[in-house]
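Here the structure is a predicted model, which is why all the values come from computation and not from measurement. Every heavy atom of this structure was used, including side-chain atoms; hydrogens, water molecules and symmetry mates were not.
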Amino acid sequence: MKTVSIILKIVVALAAIAGIVYIAATYGDKIVAWCKNLINNKCRFFCNCGCTCEDVEEEIPTVAETDFEG
């Protein structure tokens with residue numbers, strides 16, 4: 001019984017790692033672009049840097065502009 005529990009834990013851990021690798025391979029470029037957009041437009045979220053939110057250029061791609069491979 002203890003062996004089955006250990007094997008199940010290993011299988012679940014491998015499945016989680018495989019899921020993370022799949023998400024990184026499939027959506028990695030979109031995740032990186034989102035993070036860069038978040039960092040570049042920090043004024044939009046924290047608005048205490050002296051500028052107004054209207055001064056920040058919006059460069060968020062629309063659904064029609066993104067590439068979908070499938």
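Grouped by direct or indirect side-chain proximity (heavy atoms under 4.5 Å, Ile/Leu/Val/Met/Phe/Trp/Tyr only), V11 sits with I7. Within the hydrophobic cluster formed by Ile, Leu, Val, Met, Phe, Trp and Tyr side chains joined at under 4.5 Å, directly or through other members, Y27 is accompanied by Y22, I23, I31.
A search for side-chain contact (heavy atoms from CB on, under 4.5 Å) contacts involving L14 returns I10, not counting sequence neighbours.
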